[in-house]
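Chain naming here is simple, since letters A, B, ... match the order of the sequence lines and numbering starts at 1 in each. In this text, all values refer to a predicted model and were calculated from it rather than measured experimentally.
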2 protein chains.
Amino acid sequence: MNKKEIKIKTPEVAVDIVIFNLINYKLHVLLIKMSKQPYLNKWALPGGLLKIEESLDNAALRNLQECTSVKDVYLRQFYTFGEPTRDVTKHVVSIGYFALLHNPKLKIINDPRYLDINWVDINSLPELAYDHEQIIKTAIKHLRNELEYTNIVFKLLPKEFTLKELQIIHEIILDKKLDKRNFRKQIFLRNIIKETNKVRINGKYRSRLYTVI
Amino acid sequence: MNKKEIKIKTPEVAVDIVIFNLINYKLHVLLIKMSKQPYLNKWALPGGLLKIEESLDNAALRNLQECTSVKDVYLRQFYTFGEPTRDVTKHVVSIGYFALLHNPKLKIINDPRYLDINWVDINSLPELAYDHEQIIKTAIKHLRNELEYTNIVFKLLPKEFTLKELQIIHEIILDKKLDKRNFRKQIFLRNIIKETNKVRINGKYRSRLYTVI
DNA sequence: CCAAAAGTGTTGCGGTTACACCCATGT
DNA sequence: ACATGGGTGTAACCGCAACACTTTTGG
C-alpha cells in the first residue's frame with residue numbers, strides 16, 4: 001500500500017514568487033529550470049508547496065531564500081491562481097507573491113527540483129511552465145499600480161542612486177517616458193530622498209548620489 | 001482503518017465570500033450562523049472548501065448561489081488568508097471574494113452547516129468565527145479602492161436610481177461627505193449614466209431617475 | 001407661509017504638463 | 001571645439017474644491 005493509493009484528492013496549496021531585479025536598466029525576474037517531467041527543462045518561477053502549519057508569508061520568504069541571500073526584501077502577496085488546468089498533473093492553487101530587491105547574491109542550487117537558475121529580462125521571457133507567464137504579467141500590473149501609491153521602487157535600487165537611475169526605473173515600470181524636470185520636481189516635493197555629498201563618476205560625467213530618507 | 005488515520009496532512013483550500021448589499025442606505029454583509037463546534041452559534045461568512053478540479057471563481061459563485069438567487073453579480077477575488085491559526089481545528093487557506101448585489105432574494109437554508117442567515121450592518125458586526133472580521137475589513141478596503149477606478153458601485157443599486165442615492169453610496173463606501181454639485185458634475189462628466197423620463201415620488205418630493213449607460 | 005428636499009454654475013487654487021538653455025568635462 | 005550627459009525654472013492649462021440660491025410642494 002503506497003501513499004498514492006490512499007491519498008484523498010483535494011487541491012493543494014503552493015506559493016510562487018516573482019522576484020524582480022534591475023540589471024542594466026532592464027527589469028528582470030528570477031527563473032529556475034525544472035528538472036522533472038512534464039516540465040523538464042522548462043523555465044518557471046521559484047516556489048513550492050505550502051507546508052502544514054506554515055503561513056503564506058513564511059512560505060514565500062522561505063522559497064525566496066532558497067534562491068537568494070537577502071535580508072531586507074519587499075515581499076507582497078498580489079493574487080491567487082487556481083485554475084484546475086494550470087498544472088497538468090494535479091490541482092494546485094498557487095498564491096502569487098512578488099519581491100523587489102537589488103542585485104542579490106544567487107545561492108548555489110542545491111534543490112533537486114532545479115537544474116539552473118537565471119535572471120531573465122521581462123521583455124524576453126522564454127516559454128514558461130504552468131501558467132507562470134500569466135503570473136508574471138499579473139505581477140507587473142500590480143507592481144505598476146503600487147508604484148503610484150508607495151515608495152517601493154527604492155527597493156530595486158542600491159542605497160545610493162542618481163536621479164537618472166530613479167527616473168529610469170519609473171519609466172521602465174510605467175512603460176512611458178517622463179520629463180526630467182517634472183520628475184525631479186515631483187520627487188523633491190514628496191520629500192522622500194535626500195542628497196549625499198557623494199558623486200558617481202561615470203567616465204567623464206559625474207552625477208550626485210541620493211539616498212532614501 | 002478510517003480516513004483520518006491515513007489522511008496526509010496538507011493545508012486545505014476554501015473560499016469565503018463577503019456579500020455586500022445596501023439596506024436603508026447602510027452597507028450590509030451576508031452572514032450565516034454556524035451549526036457546529038467549535039464555532040457553534042457564531043456568525044461567519046458564507047464559504048466552503050474548494051472542490052477538486054474546480055476553479056476558484058466557480059467555487060465562489062457556487063457558494064454565493066447557495067445563499068442567494070442572483071444572476072448578474074459582481075464577484076471578485078481580493079486577498080488570500082493563510083495564517084495556520086485562523087481556523088482552530090485545521091490549516092485552511094481561504095481565498096477571499098467580495099460580491100456586490102442589490103437586494104437579492106435569500107434562499108431557504110438547506111445547508112446543514114448553517115443555522116441562520118442574515119444581513120448585518122458593517123458597523124455593527126457581531127463577534128465572528130475564524131478571522132472573518134479581518135476578511136470583511138480587508139474587503140471593505142478593496143471595495144473602497146475599486147470604487148475610485150471602476151463603476152462597480154452601480155451593482156449595489158437597482159436599475160433605476162436617483163442621483164441622491166448614487167451619492168449616498170459613494171459617501172458610505174468612501175466614509176466621507178461629498179459636495180452635491182461637484183458630485184453631479186463629476187458623474188455627468190464621466191458619461192456613465194443617462195436620464196430616464198421617470199420620476200421617483202417620495203412623499204411630497206420627486207426626483208428624476210437615472211440608469212447606467 | 002413655512003419646512004424640506006431637488007436641482008443648478010461660477011470662481012479660485014493647486015497640481016500637472018510642456019518646454020529650452022547652460023554647465024562641466026573628456027576627447 | 002564639440003559632443004554628451006547633468007542640471008535647472010517658468011508659464012499655460014486643467015481638474016478639483018469651495019460655495020448659495022431658487023424651485024417645488026405638502027402640511
Side-chain angles (χ1 to χ4, degrees), chain A residues 22 24-26 144-151 153 157-213, chain B residues 22 24-26 144-151 153 157-213:
Chain A
L22 202 69
N24 295 331
Y25 297 126
K26 299 274 176 68
R144 184 170 301 162
N145 194 50
E146 271 199 45
L147 180 63
E148 321 218 12
Y149 297 102
T150 66
N151 297 331
V153 72
L157 286 171
K159 260 210 186 63
E160 300 180 332
F161 49 84
T162 66
L163 291 175
K164 180 78 168 176
E165 291 170 331
L166 185 58
Q167 181 176 342
I168 288 176
I169 291 201
H170 278 80
E171 290 177 338
I172 290 173
I173 299 177
L174 298 176
D175 196 27
K176 66 177 177 190
K177 283 282 169 195
L178 299 174
D179 179 89
K180 184 165 48 161
R181 281 170 294 184
N182 291 337
F183 177 74
R184 290 172 183 220
K185 207 191 314 173
Q186 227 184 64
I187 292 290
F188 289 133
L189 200 68
R190 285 165 62 188
N191 236 47
I192 47 181
I193 63 173
K194 61 169 186 274
E195 287 187 2
T196 68
N197 42 23
K198 297 182 198 162
V199 166
R200 154 115 22 108
I201 300 175
N202 188 340
K204 61 181 169 177
Y205 309 115
R206 51 202 58 200
S207 39
R208 182 177 287 277
L209 289 169
Y210 291 81
T211 186
V212 184
I213 287 179
Chain B
L22 203 69
N24 294 330
Y25 297 126
K26 298 275 175 68
R144 184 171 300 165
N145 194 51
E146 272 199 44
L147 179 64
E148 321 218 11
Y149 297 103
T150 67
N151 298 330
V153 72
L157 286 171
K159 262 208 185 65
E160 301 180 331
F161 49 85
T162 66
L163 291 175
K164 180 76 170 176
E165 290 170 331
L166 185 58
Q167 180 176 343
I168 287 177
I169 292 201
H170 277 80
E171 290 177 338
I172 289 171
I173 299 177
L174 298 176
D175 196 27
K176 66 178 177 190
K177 283 281 170 196
L178 299 173
D179 178 89
K180 183 165 48 162
R181 280 169 295 185
N182 290 337
F183 177 74
R184 290 171 182 220
K185 206 191 315 170
Q186 227 185 64
I187 293 289
F188 289 132
L189 200 69
R190 285 165 62 189
N191 235 47
I192 47 181
I193 62 172
K194 61 169 185 274
E195 286 187 2
T196 67
N197 41 23
K198 298 182 197 160
V199 166
R200 154 116 21 110
I201 300 177
N202 190 338
K204 60 181 170 177
Y205 310 113
R206 50 202 59 200
S207 39
R208 181 178 287 278
L209 289 169
Y210 290 81
T211 185
V212 184
I213 286 181

Given R144(B) and L147(B), is the side chain to side chain contact (heavy atoms under 4.5 Å, CB included) satisfied, shown in steps? CA-CA 5 Å; R144(B) 184 171 300 165; L147(B) 179 64; 5.6 Å; no
Could you tell me the separation between the [atom1] atom of [X] and the [atom2] atom of [N], rounded to a whole number of Å?
| X | N | atom1 | atom2 | value |
| --- | --- | --- | --- | --- |
| R200(A) | dT25(C) | CZ | C1' | 18 Å |
| I168(B) | dA5(C) | CD1 | P | 11 Å |
| F183(A) | dA18(C) | CZ | P | 16 Å |
| I201(B) | dA6(C) | CD1 | P | 13 Å |
| E195(B) | dG7(C) | CD | C1' | 12 Å |
| N191(A) | dG15(C) | CG | P | 14 Å |
| L189(A) | dT17(C) | CG | P | 13 Å |
| L209(B) | dA6(C) | CG | P | 12 Å |

Side chains of [X] and [Y], heavy atoms from C-beta outward: is any pair under 4.5 Å?
| X | Y | answer |
| --- | --- | --- |
| L189(B) | Q186(B) | no |
| L163(A) | K180(A) | no |
| I187(B) | Q167(B) | no |
| L22(B) | E165(B) | no |

Specify the residue among N182(B) and T162(B) whose closest nucleotide of DNA chain C lies further upstream toward the 5′ end.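 Looking at DNA chain C, the more 5' nearest nucleotide goes with T162(B).
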Go nucleotide by nucleotide along DNA chain C from the 5' end; which of R206(B) and K204(A) gets its closest nucleotide reached first?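 Mapping each residue to its closest nucleotide by heavy atoms, the 5'-most match is R206(B).
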Under 4.0 Å, heavy atoms only, any strand: does N202(B) hit a base, just the sugar-phosphate, or nothing?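 Since no nucleic acid heavy atom lies under 4.0 Å of N202(B), the category is nothing.
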Quick one: NE2 on H170(B) to NZ on K176(B), what's the gap to the nearest 0.5 Å?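 Spacing of NE2 (H170(B)) from NZ (K176(B)) equals 11.0 Å.
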Check this for me: does the side-chain of R181(B) come within 3.5 Å of the base of dA6(C) through a donor and an acceptor?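 Side chain to base: no pair present.
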Donor-acceptor pair under 3.5 Å, K185(B) side chain vs dT10(C) base: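 Flag set: donor-acceptor pair detected.
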Mind checking which nucleotides bracket the chain B contacts on DNA chain D, 5' to 3', with an atom under 4.0 Å from a heavy atom?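 With heavy atoms of chain B under 4.0 Å away, the range is dA17(D) to dG26(D).
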Partner of T162(B) under side chain to side chain contact (heavy atoms under 4.5 Å, CB included), chosen from L209(B), N202(B), L157(B):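 Running side chain to side chain contact (heavy atoms under 4.5 Å, CB included) over L209(B), N202(B), L157(B) with T162(B) returns exactly one hit, L209(B).
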For Y205(A) and L163(A), take the nucleotide of DNA chain D holding the closest heavy atom to each; which residue's nucleotide lies nearer the 5' end?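 Its nearest nucleotide lies further toward 5', so the answer is Y205(A).
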